[in-house]
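Let me begin by presenting the structure, written as structure tokens, before commenting on it.
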Amino acid sequence: MSERSAAPGGLALVEALVNTLDIETGTDSLDTPEGRGHLGITRAGLAGARELREALRAALLAHAGHPPHRAVTPLGTLLARAPLYVAVDDHDGSARLAAADTGPLLSRVAAAVAEALVAGTWTRLKACEADTCHWAYYDRSPAGRGRWCSMQVCGARAKMRRYRAKGP
């Protein structure tokens with residue numbers, strides 16, 4: 001739905017996972033082999049991927065100052081199951097947290113969140129405040145106060161509702 005550019009680094013994976021569900025239409029791209037394959041999700045991993053997606057959505061709503069959209073498994077509980085290790089580059093000595101197993105989605109997401117924490121970008125990934133949307137977007141605004149995934153769609157709808165509520 002968003003015209004925004006993708007989130008930086010590993011956050012693009014998180015953004016892509018959250019945006020597999022179009023809340024307004026109910027369309028879930030994880031229902032298709034192509035949608036699952038794009039993220040490396042097997043049919044057997046579908047329930048776990050959906051649980052992770054909704055825990056991420058709740059965290060992204062919190063980044064935007066909103067309560068969870070529904071009761072979900074806390075993201076920290078899920079990420080605690082993902083083994084990470086400190087990878088050190090032999091040439092320059094730089095270090096980063098990396099997934100111990102790069103296959104499972106949970107490990108890749110945990111590594112992406114850890115990378116974003118270090119980079120200071122984790123809280124810039126947010127979920128749209130529109131109840132019919134909650135699409136993930138990366139807030140590039142200078143003050144970090146973006147509210148909608150798309151000013152042209154969700155922002156315009158919210159502003160029109162406020163205008164109509166004022167009455168004549």
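- In this structure, CG on L56 lies 10.5 Å from CD on E51, to the nearest 0.5 angstrom.
- Once rounded to the nearest 0.5 Å, the distance linking OG1 of T123 with NE2 of H63 reads 6.0 Å.
- Cluster annotation: V88 is not connected to Y85 through the hydrophobic network of ILVMFWY side chains, with a link wherever side-chain heavy atoms come within less than 4.5 Å.
- Within the 3.5 Å criterion, the main-chain N or O of V18 finds a donor-acceptor partner in the side chain of R57.
- Listed here is the closest heavy atom pair of A98 and R96: CB-NH1, 3.2 Å.
- Cluster membership for V109 and W122, using ILVMFWY side-chain heavy atoms within less than 4.5 angstrom, is shared.
- In this structure, R108 contributes its side chain and L39 its backbone to a donor-acceptor pair below 3.5 Å.
- Under the 4.5 Å side-chain criterion, counting only non-hydrogen atoms from C-beta, R53 is in contact with T20.
- L13 CG to L17 CG: the interatomic distance, rounded to the nearest 0.5 Å, is 6.5 Å.
- H134 places a side-chain N or O within 3.5 Å of a backbone atom of C128 that can act as its donor or acceptor partner.
- Of all the heavy atoms in L52 and L75, the pair that sits closest is CD1-CD1, 3.9 Å.
- A 4.5 Å side-chain heavy-atom check between R81 and L106 finds at least one atom pair inside the cut-off.
- Residues W135 and I23 form no side-chain contact, since every pair of their non-hydrogen atoms from C-beta on lies 4.5 Å or further apart.
- Using a 4.5 Å cut-off between side-chain heavy atoms of Ile, Leu, Val, Met, Phe, Trp and Tyr, with links allowed through other members, L117 and L11 fall into the same hydrophobic cluster.
- Within the 3.5 Å criterion, the main-chain N or O of G35 finds a donor-acceptor partner in the side chain of T32.
- Rounded to the nearest 0.5 angstrom, S94 OG and D89 CG are separated by 4.5 Å.
- Between D31 and R50 there is a salt bridge, since at least one side-chain N of the basic residue sits less than 4.0 Å from a carboxylate O of the acidic one.
- The shortest non-hydrogen separation linking A99 to S107 is CB-O, 3.5 Å.
- In this structure, the side chains of P68 and E54 stay at 4.5 Å or more apart for every pair of heavy atoms.
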Begin with the C-alpha distance, continue with both residues' side-chain angles, and end with the deciding distance and a verdict on side chain to side chain contact (heavy atoms under 4.5 Å, CB included) for L21 and T27.
-> CA-CA 6 Å; L21 176 64; T27 304; over 6 Å; no

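- Between the side chain of E24 and the backbone N or O of C133 there is no donor-acceptor pair closer than 3.5 Å.
- Of all non-hydrogen atoms in L84 and A114, the two that sit nearest each other are CD1-CB, 4.3 Å.
- Across Y138 and E15, no two heavy atoms sit closer than the pair N-OE2, 3.7 Å.
- Of the options L60, D139, V113, a side chain to side chain contact (heavy atoms under 4.5 Å, CB included) to L125 is made by L60 and by none of the others.
- Salt bridge absent: R36 and D28 never bring a charged side-chain N and a carboxylate O closer than 4.0 Å.
- Residues satisfying the side chain to side chain donor-acceptor pair (under 3.5 Å) test with H38, not counting sequence neighbours, are none.
- For the residue pair V72 and H69, the shortest heavy atom distance occurs at CG1-CE1, 4.0 Å.
- Cluster membership check: L61 does not share its hydrophobic cluster with Y137, using side-chain heavy-atom separations under 4.5 Å among Ile, Leu, Val, Met, Phe, Trp and Tyr.
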